[in-house]
Amino acid sequence: MDREPNSSFATTDNAGGHEDEFKVTPWEVEGEIDYNRLIEKFGTQSITTEIMEKVKSMTGEIHPMLKLGYFFSHRDFDWILDKQKSGENFYLYTGRGPSGMVHMGHLMPWMFTKYLQDKFNSKLLFQLTDDEKFLYSHDRSRKEIEHYTRENILDIIAVGFNPDKTRIIIDTRHIQHLYPIATEIAKKITFSTAKAVFGFSNSTNIGMIGFPPIQAAPCFLPSIIEGRQVPVLIPAAIDQDPYWRMTRDVADRLGYYKPAQIHSKFLPGLGMLGKMSSSKPETAIFTSDEPETIEKKSLTAFTGGQATISLQKQLGGNPLGCPVFWYLRYFFDTEKQSDERMVLCKSGNLMCGECKGDLAKGAKSFIVEFKKRRQKAENVVEKFMFDAKEM
Ligand code: TRP
């Protein structure tokens with residue numbers, strides 16, 4: 001494996017003897033995350049200014065999500081840019097576990113994926129792991145997962161991916177295209193490796209234990225479709241990294257390129273600084289939320305401000321510990337506006353009410369527009385479905 005960590009699952013640091021106060025696995029994200037520590041733990045690389053310059057030399061600009069550090073870590077991103085330069089165009093691959101409705105935190109990596117698709121003219125595979133979410137969930141029926149799968153597809157299409165270059169894979173529907181590759185992968189992975197990488201235990205159901213090769217399979221599908229080794233770039237939140245470590249480990253032996261990744265942070269929840277969560281709906285803004293709900297969530301959000309206005313004026317706020325600040329920075333402010341907002345907040349010259357108002361306004365109009373596109377998506381769902389013959 002690439003600089004294999006002890007385990008992606010346990011966050012105890014044996015060598016140092018102290019425990020991290022956060023947990024990041026594909027199924028659980030908890031606590032205040034130290035992203036630099038994750039780079040160390042997972043053995044990934046940080047996105048350096050040289051890499052950003054390389055991107056700029058190819059696209060003419062540096063997207064704010066790269067520049068502002070939302071995408072902060074990678075494996076082989078520089079390699080895949082070089083491949084692209086030399087005429088080996090890469091595929092993009094990303095996905096969604098349909099366990100609930102989609103919120104703004106989910107949209108960020110997808111919006112960046114669309115941006116990459118437009119800039120590099122890439123084909124994209126988008127996987128919906130309905131099997132994974134059914135297997136993992138204690139209380140969701142197959143029917144509920146099917147419902148979320150249908151709803152989530154509308155959101156994915158509404159992001160604006162190129163209909164001619166994007167195909168959606170639903171695991172239970174398109175399994176015949178994944179299964180042959182998945183068995184090749186599965187045969188190379190022992191239970192002991194799977195336990196170390198994913199933290200499975202004797203009480204994990206065996207569906208979960210057998211699942212990871214299904215998420216790995218789309219990394220190699222482009223090579224099968226094109227009949228040659230095809231480089232694949234995966235934009236995804238950092239919690240998915242265990243899958244890619246496993247996939248990279250077997251790639252060579254199966255005769256494929258290792259998939260490259262760029263890893264994002266999480267958009268913080270509006271309740272406090274954890275990941276925005278579907279299981280705590282009041283802390284996230286969903287694409288299905290009504291304007292009044294968005295207004296209410298924004299105006300009652302947790303902030304990095306002081307307890308009273310006079311204290312705020314005296315001491316200033318803490319923008320970096322404020323979810324409202326991050327929301328505005330990533331979604332609605334320009335870099336300049338955001339930097340100014342930070343200075344004003346720290347110096348006690350900006351009150352939380354103003355930022356929360358800006359968030360309410362920005363998010364309401366964003367979601368109104370998004371909903372229009374989501375509705376139109378109903379008519380083109382089948383066009384987006386994976387079809388081995390036409391890719
Ligand atoms: N396991 C992911 C989730 O729970 C879904 C997923 C499948 C995915 N393939 C992916 C995410 C590729 C990012 C990239 O959300």
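Scope of the values below: all heavy atoms of this structure, side chains included, with no hydrogens, waters or symmetry mates. Just so you know, ligand 1 is whichever comes first in the structure, and atom 1 is the first atom listed for that ligand.
- In terms of the ring pair (Phe, Tyr, Trp, His ring centres under 6.0 Å) criterion, residue partners of Tyr330 (sequence neighbours excluded) are, by chain and number, Tyr70, Trp326.
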Pairs of donor and acceptor atoms involving the side chains of residues 345-358, under 3.5 Å and at least two apart or interchain, shall be tabulated with distances.
unit_1	atom_1	unit_2	atom_2	d
Ser347	OG	Val343	O	3.0
Ser347	OG	Leu344	O	3.1
Ser347	OG	Asn349	ND2	3.0
Lys356	NZ	Leu299	O	3.2
Asp358	OD2	Arg341	NH1	3.1
Asp358	OD2	Arg341	NH2	3.1

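- Closest approach of Pro231 and Asn89 over heavy atoms only: CD-O, 3.9 Å.
- By the 30° and 60° cut-offs, the orientation of the rings of Phe266 relative to Tyr35 is tilted.
- Ser141 and Glu144 share a side-chain donor-acceptor pair at under 3.5 Å.
- Applying the ring pair (Phe, Tyr, Trp, His ring centres under 6.0 Å) test to pairs two or more places apart or on separate chains, none has a residue in residues 332-355.
- A heavy-atom cutoff of 4.0 Å around ligand 1 is satisfied by the protein residues Tyr93, Thr94, Gly95, Arg96, Gly97, Gln127, Thr129, Glu132, Lys133, Gln215, Ile234, Ala236, Gln240, Trp244.
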